[in-house]
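Notes to accompany the following structure.
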Amino acid sequence: MPYTTNDIRRVEEKWQKYWAEHKIFRAEMDAKKEKYYVLEMFPYPSGKIHMGHVRNYTIADVIARYKMMRGYNVLHPMGYDAFGQPAENAAIKRGVSPSEWTYKCIDDMRAGLRRMGFSYDWDCELATCDASYYKWNQWIFTKMFENGLAYKKGSPVNWCPSCETTLANEEVIDNACWRCKNQVIQKDLEQWYLKITHYSESLLEDLKKLGSWPERVVAMQENWIGKSFGADIYFKVKGTEDVITVFTTRPDTIFGATYVMLAPEHPLVKKISKGMSQEKAVLAFIEKAANTSKSLRMSGDARKDGVFTGGYAVNPVNGEAVPIWIGDYVLMEYGTGAIMAVPTHDQRDFEFAREHKLPMRVVVQDPANPNVTPEQMTKAFEDQGVLASSKQFDGTPNEMAKQMISEWMSANEMGRVSVHWRLRDWLISRQRYWGAPIPMIYCKTCGIVPVPEKDLPVELPKNAPITGEGGSPLAKVKEFVEVKCPACGQDAHRETDTMATFFDSSWYFLRYCDAHNDKEAFDKAKVAYWMPVDQYIGGIEHAILHLLYSRFFTKFLKDLGLVSCDEPFTRLLTQGMVLKDGEVMSKSKGNVVDPDEVIGKFGADTLRMFILFAAPPEDQLEWNPAGLEGNWRFLNRVWNTVENRYSSDVGRQTSDVSRLTSNQMDAEDKKLEFERNAAIKKVTEGMEGGFKFNTAISAVMVLMNAIDKYISSTPGVGEVRKQGLLNEALETVVLLLSPFVPHMAEELWQMMGKADKSIAFISWPVFDEAALKTDTVKIAAQVNGKVRGEFTVPRDADEATLRSIILIDEAVLRHMGGKEIRKFIVVPNKLVSIVV
RNA sequence: GCUGGAGUGGCGGAAUGGCAUACGCGUCGGUCUCAAAAACCGAUGUCCUUACGGGCUUGUGGGUUCAACUCCCACCUCCAGCACCA
């Protein structure tokens, strides 16, 4: 009977039920067994699962199932990143509560995940919107507060007018909100921050430990953390005691500084320009800068704008008085908010100086053009050269001068060596409802007081009005806001902001290790056993945000003594996108393929196989219905071949009969044995060497082709002992396929009379190196680099033997043209290269 | 601009110094059938040649080597991230 759509539903449902009922994938800590923690980035529950989820989770599932068959104690959990804005939007639009909407979505997702047959330990399922989870969010937050890593400050923040909430720097992409894509504006607000910069150094340094992460992810994090080495240099404001500290990465160019430029927000600006004729213009410029959105101000093609303050600063190295300007290309948030401008050796300064007719001086000579004057330059010279007009440093190569000048300035109190970072502290508070309340209380007497652990969780009130109008909905719930101060008992009020959802996902991998603990966030011993995550799988879009935050949390929790690893994720695989017609599948483009429809027609196994076979996991995957059907045909072939064999009396009886031994085998038998062992080797190496699922599957296809050939063309295939050999080959096919197509593998394994337990508990097959060593090998013969013949020769034949075989071949001799042999190179069992 | 990645048949892709195009898709031909579908078998880089054969071919140009998709140098194109970060 052929494999039909009905068979698929029956078989897949049967095994999904079996796995669930027998808790086949339950993970228990067992110190005697080596652990393997496979984790995929948990989904935001916004509806049903889509192809992106299918791909991500299928990759993880194959790894989990493979590692289990290799004897590891595998932890493979699943949960839901369940707080966030879509739930609130649904509430506003449809009047359902965010909670109701979210839990409905979770149910839909769970059903979709079960239909795919993923090997999760459902006992540690979690949802971040459960009070039992976010209680520990709040606890971690109070620990951060106690350690000075959570603090409140007023400053300009990124504000999304559409979402009506603040955003972290990491959440602003191309000056737009990462979620709704609307333009982000700046707003002055008092907000909660997490001091991620406390870990700048180790977040950067420990990237070196992540050798098996994709290079680009490491590079992106390096860029984001952005460590710059240079010097702080002190410029006195002429006629005052005030000092402007500038930061530069080019202390070698200090003698070429012809003006100083401050950010419009710099605290000294108003003081310097006070009473000057320029004061009005300066104030107007500050006003303008404050009202221009950061996006406009920062856009790369903007003309460089600025005004003179009327003041002068003294260059400490030569006593020169240089004008102080303010300009919109200097940012208060980076460095010291002040720069020294060296127009000849910095392109931005060059453009600004040309525009405003400021002086220039060459202090690094271009080796190709040493006598160029500033007037002749068309752009700044930013390459290597030797110093000029720099007093005692003249003639010094500029790279060397960087350190020499820094040290000299240090010694003479003109400046100091310094390091600045691009990474800023993480803005964590959001003026939204559907998130974990920040567990803080404001008391007139005691100030900011964290909610004591015994009073956690601070639960979200169910009756908050969700209207979509500005401000946190929690602020409108009187019973929530009004509390007694935990310290002094007087009237006080609660913080009404909630945490950014990235807080929730920064430690969920720890909670999975001990998901139901109601006494603590997690048991230290369990986390010590399971962590770090051995293999993490998810989308590249989290290369900075989630991965950086999780690394930060791990370092903090390690400092608290709760976690023993430095880094949470040992290996990272970023899977490629799923495309249709060359574009990412999305609802707005209307090109989505619903996994459910595919499962209904071809089954979850076919879908899994297609997704693994069509492209390497890191690459983009183009949806191809014909390819899907090709995989369906292959699975049918396997099914039919196994069914034919084991439904016959011969096939069944043979399962107990020992197969042919090596010396009983004829050439065809040996060929089958070779292919069987070659397939095991190829698949195993593909799994171990970077999860090459596409080639692993192709290796099984090759074996299946060999089996079909053996059945149809081998004389004597009806002999019982030959059938033993054949059965073993088929068993190998089923075992090798089982991580990829687990339902069918279980069913066939049972059909083969093997199933006294799940195939998940069967050991991964091992290959026999001896079976791969055939007696003869095919080698190619090259003449002057071109292949001119193919020969079957004994394995490990020596040069003399090869000469005697090859040098009588007509085609080879013809191409040698009777010329003398200059070289005769033998690559054992591969080829012979003859040079004439 | 900086950083990272990628360029191989009609298509997805394989091969990391040793027979380029495994495996799959598609296409063409065949078997079975009244017929079609399914299934199965065979062919399929490209050019010249009736054929036998031979030339060319992994983005481009050079180099190293008996041998290069693979290593080195220069360049082109595409994708992604960052970007007035001093």
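Residue numbers begin at 1 in each chain, while the letters A, B, ... track the order of the sequences.
Residue A:G630 is in sugar-phosphate contact alone, with no base atom involved, counting any heavy-atom pair closer than 4.0 Å across all strands shown. Using a 4.0 Å heavy-atom criterion, one finds that A:V702 contacts the sugar-phosphate atoms exclusively. Among the atoms of the strands shown, only primed sugar atoms or phosphate atoms (P, OP1, OP2) are found under 4.0 Å from some heavy atom of A:H815. In this structure, A:R822 reaches neither bases nor backbone, as no heavy-atom distance under 4.0 Å exists between it and the strands shown. Within the 4.0 angstrom heavy-atom criterion, base atoms lie near A:S833. A:Q347 comes within 4.0 angstrom of no nucleic acid atom, judged by non-hydrogen atoms across all strands. Among the heavy atoms of the strands lying under 4.0 Å from A:N705 are primed sugar atoms or P, OP1, OP2 only; no base atom is included. Contacts of A:K227 with the nucleic acid, taken as non-hydrogen atoms under 4.0 Å apart, are absent.
Identified under the salt bridge (charged side-chain N to carboxylate O under 4.0 Å, His left out) test for residues 621-639 of chain A, with sequence neighbours left out: A:R637-A:D708.
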Every protein N/O within reach of nucleotides 10-13 of chain B N/O, cut-off under 3.5 Å:
from: B:G12; atom 1: O2'; to: A:A614; atom 2: O; distance (Å): 2.4
from: B:G13; atom 1: O3'; to: A:N694; atom 2: ND2; distance (Å): 3.3

Set out, line by line, the N/O atom pairs under 3.5 Å between protein and nucleotides 26-30 of chain B.
from: B:G26; atom 1: OP2; to: A:R633; atom 2: NH2; distance (Å): 3.3

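The gap from the C1' atom of B:G45 to that of B:C41 amounts to 23 Å, rounded to the nearest Å. For the P atoms, the distance linking B:A51 with B:C34 amounts to 38 Å, nearest Å. Remark: the separation of the P atoms in B:C85 and B:U3 is 14 Å, to the nearest Å.
One finds no side-chain N or O of A:R348 lying less than 4.0 angstrom from the OP1 or OP2 phosphate oxygen of B:A83.
Applying the salt bridge (Lys or Arg N to Asp or Glu O under 4.0 Å) rule to A:R55 yields no partners; only residues at least two apart in sequence or on another chain are considered. The salt bridge (Lys or Arg N to Asp or Glu O under 4.0 Å) check on A:E351 picks up A:K304, with sequence neighbours excluded. Remark: A:F613 pairs with no residue by the ring-ring contact (aromatic ring centres under 6.0 Å, His included) rule, at least two apart or across chains.
Panel note: side chain A:N784, backbone A:V835; no donor-acceptor pair is recorded below 3.5 Å.
Pair assignment for B:C23: B:G12, on the basis of Watson-Crick or G-U wobble contacts that are both within less than 3.5 Å. In this structure B:A80 sits in a base pair with B:U3, meeting the Watson-Crick or G-U test at under 3.5 Å.
Side chain of A:V787, nearest nucleotide from B:A86, B:C19, B:A83: B:C19. The side chain of A:I825 has B:G18 as its nearest neighbour among B:C23, B:C56, B:G18.
Of the residues near RNA chain B, A:Q782 and A:K823, the one whose nearest nucleotide (by heavy atom distance) lies more toward the 5' end is A:Q782.
In this structure, a donor-acceptor pair under 3.5 Å is absent between the side chains of A:T245 and A:D232. Side-chain contact annotation: A:N591 with A:D581, donor-acceptor N/O pair under 3.5 Å absent.
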